[in-house]
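For the numbers below, each heavy atom of this structure counts, side chains included, while hydrogens, waters and symmetry mates do not.
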Amino acid sequence: MAATTPVTNEDRLRRIEQITDTTLAHLDVADLLDELLDRVRALLDADTSAVLLLDPSSTYLVATAARGIEEEVRQGVRIPVGKGFAGRIAAERRPVIIDEVDHSNVLNPILREKDIRSLLGVPLVAQGEVLGVLHVGTLTPRRFTMDDADLLQTAADRIALVTRTRLSDLDRAAASALQRSLMPGALPRVTGIEFAARYIPGDAGGLGGDWYDVFSLPSGRLGVVIGDVVGRGLQAAVIMGRLRSALRAFALEEDDPAEVLERLDGNVQHFEENVMATVLYAIFEPSLERVSLSSAGHLPPIIAQPGERAALLNLPIDLPVGVSVGPPRRTTTIDLPDHGLLFLYTDGLVERRGSPLDAGLDALCEVVRAEEAESVCGGVLHRMIGATPVGDDVAMLVAHRLGTPSVVPLSIVVPAVTRTLSDVRSSVRRWLAAAGASPEDAADILVATGEACSNVVEHAYGPAGGTLVVQMELEGATVVGTVRDNGRWRPARGQERGRGTALIRQCSDDMDVTPGPGGTTVVFRRHLTGSSR
């Protein structure tokens, strides 16, 4: 029998070079790790090999790829950092050799069930950060040497670098896909105002938690948000998605921006560990003439008016969400004149290393103009970014109020309960003012609307509640009001009841009531004899 030629260290180093050669570039992470583990087994003449990677919390090692002990991956083995064989390697950041496997030195029962006798493991380290653990094992007793450990560590360093790169690519792709899915695909088209927005990922790699949002509210108002979750990558994007959804939910229940942010803060502090975010939430009235804003640690927006230099809005800045309890949050209400513009942004647009924040804010105020929203976005990006690399993500949102338009139809959808009636009345009153109704016309229309809504609350639903829909449109100089429910009306109770329809007829030029199995619709019309339009 011919003598076996011993494998020299030079031979092994050449085989290490093959571990991460370019022929593997087309493989995804799972297939790549499987192939690398096969090569590691051959390199050290071992029977098993495995990679365990740290989970996002960095408290557990999760079996990610294995050869010879595939059960580790299929069963989702999790090893606490600092415990057992693999946990010690990750905690101590050094190789560990076990000559004889037993219950005292191995936590994972699969290693014992497979009758693995000896183990060698090393940490996976890339750019000073522990990613996980690489280990090999044999089914016969073997005394691994420090030369073996050095060789496996050299292989592990190469595997860690490749794995980190691939996982970073996946992280960026996933974060990008998530961010695209959460950002509004198209901003709402609202008569009398135009919106434009941009999101620019920073050059530092990965995406962050910057976001913007625009949505209509049941009261006929518009909600506008811009925010920034501290952190980067997929985790920040996931948290951003949860905050966006939570804020939308709270916006349906609260009309005060400060209350919405207060509830969002409570949500973050209760459910999100070690999360902080800045958020600015604004509510536009249906008339678009007034805006109420509250800032949770976010930079103040910029307001621009025709013929004037843009300026930072004088807005009190409260604590970010996720910070310990502080003073009550505050809401500021401002007027937004015809052709006025509100510019919201995240700090990546104005913060630059080595330059004071005030310089960036001054430069931004110089370039923002009360002009067409898309052109403002383009001008800001040209002036503030240009060809300069930006380290942080940038999000910005422009709201440009147009000249006094034909009156925007009002649509309100609220729970059919008594507490909502005052909000409905306030929204209709503001809409009538925008429509140019005289005080006499407005008073009659408010009575007609109030009676129709009260009938819905009382007769269509009672204590159980339901849905109330109120719509107002202007046809020439005639207001067309529609009040609709999706319940069944009950007959009036008592001699003094049922006067609502009579009042509606008295306060309008004509009225129609259309009952049906899906609800009742009341339509009334009132010509604005004293219209100021």
Side-chain angles (χ1 to χ4, degrees), residues 29 54-58 62 167-188 195-202 204-218 222-254 257 259-283 293-299 319-323 329 344-349 390-399:
V29 172
L54 283 173
D55 72 349
S57 70
S58 297
V62 180
L167 291 177
S168 295
D169 290 343
L170 286 176
D171 188 83
R172 281 192 294 270
S176 179
L178 178 63
Q179 193 127 24
R180 285 196 302 271
S181 71
L182 293 174
M183 291 290 188
L187 296 172
F195 293 102
R198 296 287 192 277
Y199 175 80
I200 312 296
L207 294 182
D210 295 34
W211 91 95
Y212 59 84
D213 201 5
V214 180
F215 48 83
S216 60
L217 294 166
L222 283 173
V224 174
V225 187
I226 195 156
D228 184 1
V229 176
V230 176
R232 298 191 61 78
L234 181 58
Q235 187 67 10
V238 169
I239 293 170
M240 176 270 286
R242 293 201 290 262
L243 265 58
R244 174 182 181 267
S245 297
L247 189 146
R248 281 188 163 205
F250 298 141
L252 290 175
E253 301 173 355
E254 301 287 351
E259 288 297 324
V260 172
L261 294 183
E262 188 68 29
R263 295 191 62 179
L264 181 67
D265 187 19
N267 179 279
V268 170
Q269 293 198 43
H270 185 78
F271 292 108
E272 306 286 355
E273 186 177 2
N274 298 322
V275 167
M276 186 176 74
T278 66
V279 187
L280 189 143
Y281 178 46
I283 296 178
L293 311 93
S294 185
S295 173
H298 205 84
L299 290 171
L319 291 176
V321 299
V323 179
R329 297 187 180 278
L344 285 67
Y345 55 96
T346 56
D347 55 11
L349 184 64
V390 177
D392 196 5
D393 300 348
V394 172
M396 58 188 189
L397 177 64
V398 180

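Expressed to the nearest 0.5 Å, how far CZ of Phe271 lies from CG of Leu243 amounts to 12.5 Å. With rounding to the nearest 0.5 angstrom, the CG atom of Asp265 is 8.0 Å from the CG atom of Leu319. One finds the CZ atom of Arg242 at 4.0 Å from the CD atom of Glu272 (value rounded to the nearest 0.5 Å). Here CG of Leu299 is found 9.5 Å from CG of Leu280. Values are rounded to the nearest 0.5 Å.
Contact of the Asp393 side chain with the Tyr199 side chain is registered, since non-hydrogen atoms from C-beta on lie closer than 4.5 Å. Glu262 places none of its side-chain heavy atoms less than 4.5 Å from the side chain of Glu254.
Here the closest non-hydrogen pair linking Tyr281 and Val225 is CD1-CG2, 3.6 Å. Met396 and Leu349 make their closest contact through SD-CD2, 4.2 Å (heavy atoms, listed as atom of the first residue, atom of the second, distance). Residue Leu261 comes nearest to Val321 through the heavy atom pair O-CG1, 4.1 Å, listed as atom of the first residue, atom of the second, then distance. Of all the heavy atoms in Arg248 and Phe215, the pair that sits closest is NE-CD2, 3.8 Å. When all heavy atoms of Asp228 and Trp211 are compared, the closest pair comes out as N-CZ3, 3.8 Å. In terms of heavy atoms, Leu217 sits closest to Ala251 at CD2-O, 3.6 Å.
At distances below 3.5 Å, not a single donor-acceptor pair connects side-chain atoms of Arg329 with backbone N or O atoms of Ser295. Remark: the backbone N or O of Asp347 is not paired with any side-chain donor or acceptor of His298 at under 3.5 angstrom.
Remark: Leu222 pairs with Val190, Ile193, Phe195, Ser216, Phe284, Leu288 by the side-chain contact (heavy atoms from CB on, under 4.5 Å) rule, at least two apart or across chains. Applying the side-chain contact (heavy atoms from CB on, under 4.5 Å) rule to Pro320 yields the partners Met276, Thr278, Val323; only residues at least two apart in sequence or on another chain are considered. Residues that satisfy the side-chain hydrogen bond (donor to acceptor under 3.5 Å, both in side chains) test with Glu273, not counting sequence neighbours, are absent from this structure.
Between the side chains of Thr346 and Asp210, at least one donor N or O lies within less than 3.5 Å of an accepting N or O.
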